[in-house]
There are 2 protein chains.
Amino acid sequence: MDISQEPVLIIRRPLHEEATDRLRDLIVQGRLVAGSRLNERLLTAQLGVSRTPLREAFKVLATEGLVELLPNRGAIVSQLDATRLSETLAVMGALDALAGELACANATDAQINEIRALHYEMLAYHARGDLAGYFKFNQAIHLKIVKYAGNAVLYNTYRQLNGAMQRARYMANLSQERWDTAVREHDEILAALSSRDVKRIRALLADHLAHKLASALAALPARQAA
Amino acid sequence: MDISQEPVLIIRRPLHEEATDRLRDLIVQGRLVAGSRLNERLLTAQLGVSRTPLREAFKVLATEGLVELLPNRGAIVSQLDATRLSETLAVMGALDALAGELACANATDAQINEIRALHYEMLAYHARGDLAGYFKFNQAIHLKIVKYAGNAVLYNTYRQLNGAMQRARYMANLSQERWDTAVREHDEILAALSSRDVKRIRALLADHLAHKLASALAALPARQAA
DNA sequence: AATTTATATTTTGCATGCAATATTAGGAGA
DNA sequence: TCTCCTAATATTGCATGCAAAATATAAATT
């Protein structure tokens with residue numbers, strides 16, 4: 001029997017992957033607060049998986065830097081302090097610059113247009129003052145640039161660091177001024193990418209990230225006080 | 001009773017860490033060949049641990065990119081092909097450049113002297129024609145530069161990528177000419193670091209890594225044929 | 001009341017067991 | 001001999017059990 005026409009392919013992802021993703025989301029969204037303990041019994045009940053895949057997820061998230069394992073004393077959500085934040089953004093800046101350079105060289109016109117489309121969608125959210133929607137597309141644009149650089153290792157590395165930074169995004173509370181500036185910067189980045197101006201995109205991305213760092217750092221103490 | 005004077009602190013590392021490190025070594029040293037399957041039963045016997053910590057190690061090494069998990073079909077040692085090699089080195093190049101820059105700014109004189117000491121030890125191995133010893137100190141120097149950059153996230157990221165590349169080091173079979181050039185490059189890197197010449201060290205590290213890539217790529221097909 | 005000591009409870013680390021899936025071996029038919 | 005099918009075997013994914021460690025609770029001492 002030929003079942004190749006079957007429309008829906010049922011894929012069962014391994015439970016440890018599912019658990020890893022769910023936990024990562026919980027941490028990134030701040031629903032598992034930095035410093036809090038990850039109780040195995042509780043989480044197994046909450047996620048509906050047994051301890052084995054859950055503990056595997058802990059190990060993965062630990063290598064990703066999102067949680068810390070204390071031998072015999074469980075796992076805690078790792079702190080995202082100012083030091084860590086600025087260190088991570090510095091690294092991402094270097095990767096971003098490389099990605100921009102490679103994207104200028106390697107991205108197809110269609111891919112650049114895809115980024116342009118995302119850019120306009122982002123502008124729409126900005127116009128409406130919808131910060132969450134803006135962040136989503138902002139995020140997507142940066143990831144696409146890195147993706148279209150055509151270096152899988154770069155993409156993975158960037159994604160991992162970016163994942164940890166998402167927590168900061170959820171904290172950030174942009175001033176209208178900073179927000180407008182960021183949008184202008186994105187305009188320029190897109191222009192540089194379109195004209196495949198390597199030098200310019202490097203500089204723009206570096207600036208953009210430095211600004212991002214500044215505003216993230218500004219938002220951090222507020223959150224930590226809360 | 002004050003036991004703070006006790007000389008030997010007995011630390012029992014978790015088995016999954018031990019297993020992870022052991023497996024990583026086996027892969028890096030090429031004793032577990034790329035593409036080969038990681039049989040759980042076999043490895044538990046070999047490492048003397050049960051399946052649980054072993055499987056946790058698999059997950060960690062998978063996120064590090066050293067192994068690949070095939071659902072329901074176990075884990076295999078991930079391939080280190082030319083694409084992956086050059087992609088990784090490109091990323092490491094960007095990180096290296098950043099590290100050099102930061103090290104110029106942040107490293108203490110004592111730290112630079114520590115690097116200088118390693119440099120001379122490396123020269124000794126070069127003079128004797130001891131490739132393994134040379135690699136060891138070469139490695140150590142680059143890691144120290146990244147470490148003394150004073151950015152922990154950068155250090156971790158670099159270390160992870162570097163770990164995966166160690167496999168290539170074991171394959172590499174430097175020509176005397178390339179070897180001599182590499183040593184000269186190291187001389188210059190050290191000089192730039194000592195004079196804290198940011199621009200120069202960026203350029204030097206970029207060049208150095210490009211050369212490294214070329215020689216690694218040259219060595220790769222030979223190994224794959226064998 | 002505060003500090004210490006002893007005991008009970010919880011939690012973790014790891015090993016093992018069981019069902020589901022994949023692999024291998026064997027044999028029937030072409 | 002080769003291909004296909006079937007049964008046996010091995011391997012994986014996950015849940016659970018048990019001992020060791022840590023934490024919480026209670027009692028005892030100062």
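Each chain gets a letter, A, B and so on, in the order its sequence line appears, and its residues count up from 1.
Remark: C1' of C:dG13 and CG of A:Leu69 are 12 Å apart, rounded to the nearest angstrom. Rounded to whole Å, the distance from CG on A:Leu15 to P on C:dA19 is 17 Å. To the nearest angstrom, P of C:dT12 lies 16 Å from CZ of B:Arg12. Distance NE2 (B:His16) to C1' (C:dG13): 9 Å, rounded to an integer number of Å.
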Donor-acceptor list for residues 92-104 of chain B side chains, cut-off 3.5 Å, not counting sequence neighbours:
from: B:Asp96; atom 1: OD2; to: B:Tyr158; atom 2: OH; distance (Å): 3.4
from: B:Glu101; atom 1: OE1; to: B:Arg202; atom 2: NH1; distance (Å): 2.3

Please output the side-chain donor-acceptor pairs of residues 63-72 of chain B that fall under 3.5 Å, not counting sequence neighbours, one pair per line with the distance.
from: B:Thr63; atom 1: OG1; to: A:Thr63; atom 2: OG1; distance (Å): 2.8
from: B:Thr63; atom 1: OG1; to: B:Val60; atom 2: O; distance (Å): 2.9
from: B:Glu64; atom 1: OE1; to: B:Arg24; atom 2: NE; distance (Å): 3.0
from: B:Glu64; atom 1: OE1; to: B:Arg24; atom 2: NH2; distance (Å): 3.4
from: B:Glu64; atom 1: OE2; to: B:Arg24; atom 2: NH2; distance (Å): 2.9

Review item, side-chain donor-acceptor pairs of residues 143-151 of chain B, under 3.5 Å, at least two apart:
from: B:Asn151; atom 1: OD1; to: B:Val153; atom 2: N; distance (Å): 3.0
from: B:Asn151; atom 1: OD1; to: B:Leu154; atom 2: N; distance (Å): 2.8
from: B:Asn151; atom 1: ND2; to: A:Glu87; atom 2: O; distance (Å): 3.1

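Annotation: salt bridge (Lys or Arg N to Asp or Glu O under 4.0 Å) contacts of A:Arg31 (sequence neighbours excluded): none. Listed by chain and number, the residues in a salt bridge (Lys or Arg N to Asp or Glu O under 4.0 Å) with B:Arg178 are B:Glu185 (sequence neighbours excluded). Take A:Tyr125 and apply the ring-ring contact (aromatic ring centres under 6.0 Å, His included) test, not counting sequence neighbours, and it matches A:Phe137. Considering only residues two or more places apart in sequence or on other chains, A:His142 meets the ring-ring contact (aromatic ring centres under 6.0 Å, His included) condition with A:His186, A:His208.
OP1 or OP2 of D:dA15 lies within a sub-4.0 Å distance of a side-chain N or O belonging to A:Ser50.
For the contact set between residues 56-66 of chain A and DNA chain D, defined by any heavy atom under 4.0 Å, there are no members.
In this structure, the side chain of B:Asp81 engages the main chain of B:Arg84 through a donor-acceptor pair within 3.5 Å.
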Distances for protein N/O vs nucleotides 9-12 of chain D N/O pairs under 3.5 angstrom?
from: D:dT11; atom 1: OP1; to: B:Asn39; atom 2: ND2; distance (Å): 3.1
from: D:dT11; atom 1: OP2; to: B:Arg41; atom 2: NE; distance (Å): 2.9
from: D:dT11; atom 1: O3'; to: B:Arg37; atom 2: NH2; distance (Å): 3.4

